[in-house]
Chemist: 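Sharing a structure below in structure tokens format, with a few things to ask.
Counting convention: from 1, in listed order, for ligands and their atoms alike. Values below: all heavy atoms of this structure, side chains included; hydrogens, waters and symmetry mates excluded. Position 1 is the first residue of the sequence, and the numbers go up from there.
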Amino acid sequence: MPTYARADVAFERGEGAILWSSDGRRFLDFGSGVAVTALGHCHPHLVKALQEQAAKLWHTSNLYRVTGQENVAARLVENTFADTVFFCNSGAEANECAIKMARKFHYEGGDKGRFEIICATGAFHGRTLATVAAGGQEKHMKGFDPFMPGFVHVPYGNLNALRAAITPQSAAILVEPVQGEGGIIPGDPDYLKRLRATADEFGLLLIFDEVQTGMGRTGTLFAHQHAGITPDIMAVAKGLGGGFPVGACLATEKAARGMTAGAHGSTFGGNPLAMAAAGAVLDVMLAPGFLDEVAHWAGVLGSKLTEVVARFPDVVEEVRGVGMMIGLKCRIPNTELQAKLLANGLLTVGAGDNVVRLLPPLIIREREIDEAIDILARTLSEVTP
Ligand SMILES: *Cc1c(COP(=O)(O)O)cnc(C)c1O
């Protein structure tokens, strides 16, 4: 179905941050398949893990114990606030689990009228009926009504508006620590801290959608760590499988109190193949020093970008973001800059608010950074009016 406005290029092979198209061109991939291939293409450790698992066992279902799932869950629990994990196959599904869990939490507590989730304008949580309602964006909802009830929206970053939206029906707060699709809008650490305090004050669950911000993207394993607080529930996907479709919903034991046998399920979720991919990603990301390197090179990339962009104020208004989740707020149509960058060999991703997103693989170093900066500088001078 023609549901995507695709660029007219197909890729045949990838290695690290480089992709080769079927017509023989070479590209520097600073989109990572929308923050998915966090360790680059064909990372040897991931290739080996998947090849070995593919020759052993692919799928058995959740009718049985899945050893790989138990291992990956234990490692996620060990490295986060969470006590328990549900595995699924995408970001939208991870959010669906979070939404169901929040409703069930209050139901189990005897509060059947508390079902409403307070979300932010400009949010993105996926494309299922529940998650488009949670995202609340007209462009994703138009024509698909009736909309799922139970979501209200307040401006992102505005604590007063959020507090004013709390009613006896409120169940949870759901936000991205850095809005991604909305245009790389970082949540102020103080705002995130106050969300935590507000959730506690009113007995609400705090849900972070870390589908895009998670798995090292911002220089810490999860973005909320920058704010020094923890959510009750967290949706993860994108980078978790390094390119294999894996999603996960993490929660505290308390938040997950309603998620008893039969309450939720997934046929594919957390199958042995998916868990081999996620386990291999964790091997690399949790190795001592890996995330420090990501933070370091993100800093180098950030300062070089700021320097280049300052020379072209007629094209780019601002560089913003956290770690390797960067937005260039454009003064020309973002689609035009993106197309020109692609023609010059640099892949990027568009976002709301007329932003071009840079989401490079976390393994980039000086060489890739300098090449990206060269292409960007050349492209910006070409498009300068
Ligand atoms: C990509 C994204 C989703 C949806 O993930 P899918 O795997 O496409 O369902 C949800 N939330 C955020 C923040 C995302 O960036």
Side-chain angles (χ1 to χ4, degrees), residues 1 3-6 31-38 86-102 117 119-137 139-141 144 148 151 153 156-157 172-187 192 195 206-218 221-224 231 233-250 266 268-270 274 277-278 281 321-327 348-353 355-360:
M1 294 184 197
T3 59
Y4 304 99
R6 301 174 192 271
S32 303
V34 197
V36 168
T37 49
F86 178 87
F87 289 102
C88 49
N89 315 286
S90 68
E93 282 178 274
N95 280 312
E96 286 271 348
C97 179
I99 293 162
K100 287 178 75 175
M101 200 187 312
I117 301 187
C119 306
T121 51
F124 183 76
H125 300 297
R127 296 297 203 108
T128 62
L129 283 168
T131 55
V132 291
Q137 302 224 27
K139 64 181 179 197
H140 296 148
M141 296 171 79
F144 295 113
M148 178 169 297
F151 301 95
H153 294 85
Y156 187 68
I173 298 166
L174 165 60
V175 296
E176 300 155 81
V178 180
Q179 288 193 328
E181 307 293 315
I184 309 291
I185 303 173
L192 299 177
L195 287 183
L206 180 61
I207 309 170
F208 283 150
D209 178 348
E210 290 238 24
V211 169
Q212 190 163 154
T213 54
M215 300 311 289
R217 177 56 50 195
T218 69
L221 191 58
F222 293 103
H224 67 261
I233 304 174
M234 175 168 73
V236 183
K238 292 203 163 94
L240 179 58
F244 197 96
V246 192
C249 185
L250 282 65
S266 165
F268 292 123
V281 168
V322 188
M324 297 229 192
M325 187 171 178
I326 302 162
T348 60
V349 185
D353 199 31
V355 162
V356 169
R357 262 183 292 180
L358 304 179
L359 305 163

Chemist: Take F208 and V175, measure what side-chain contact (heavy atoms from CB on, under 4.5 Å) needs, and give me the verdict at the end.
Modeler: CA-CA 5 Å; F208 283 150; V175 296; 3.7 Å; yes

Chemist: Does A351 have any side chain to side chain contact (heavy atoms under 4.5 Å, CB included) partners at least two apart in sequence or in another chain, and if so, which?
Modeler: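 Residues passing side chain to side chain contact (heavy atoms under 4.5 Å, CB included) with A351: V355, R357.
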
Chemist: For ligand 1, give me the residues whose heavy-atom distance to it is below 4.0 Å, by chain and number please.
Modeler: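 Close residues (ligand 1, cut-off 4.0 Å): S90, G91, A92, N95, F124, H125, G126, E176, D209, V211, Q212, K238.
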
Chemist: So, E96 side chain and A92 main chain: donor-acceptor pair closer than 3.5 Å or not?
Modeler: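 Absent.
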
Chemist: Any side-chain heavy atom of M215 sitting closer than 4.5 Å to one from K238?
Modeler: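 Of all side-chain heavy-atom pairs linking K238 with M215, none is under 4.5 Å.
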
Chemist: Indicate yes or no: at least one non-hydrogen side-chain atom of I99 is less than 4.5 angstrom from one of I117.
Modeler: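 Yes, side chains in contact.
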
Chemist: Can you confirm whether the side chains of Q137 and E181 place a donor and an acceptor under 3.5 Å from each other?
Modeler: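 Result is no, nothing qualifies.
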
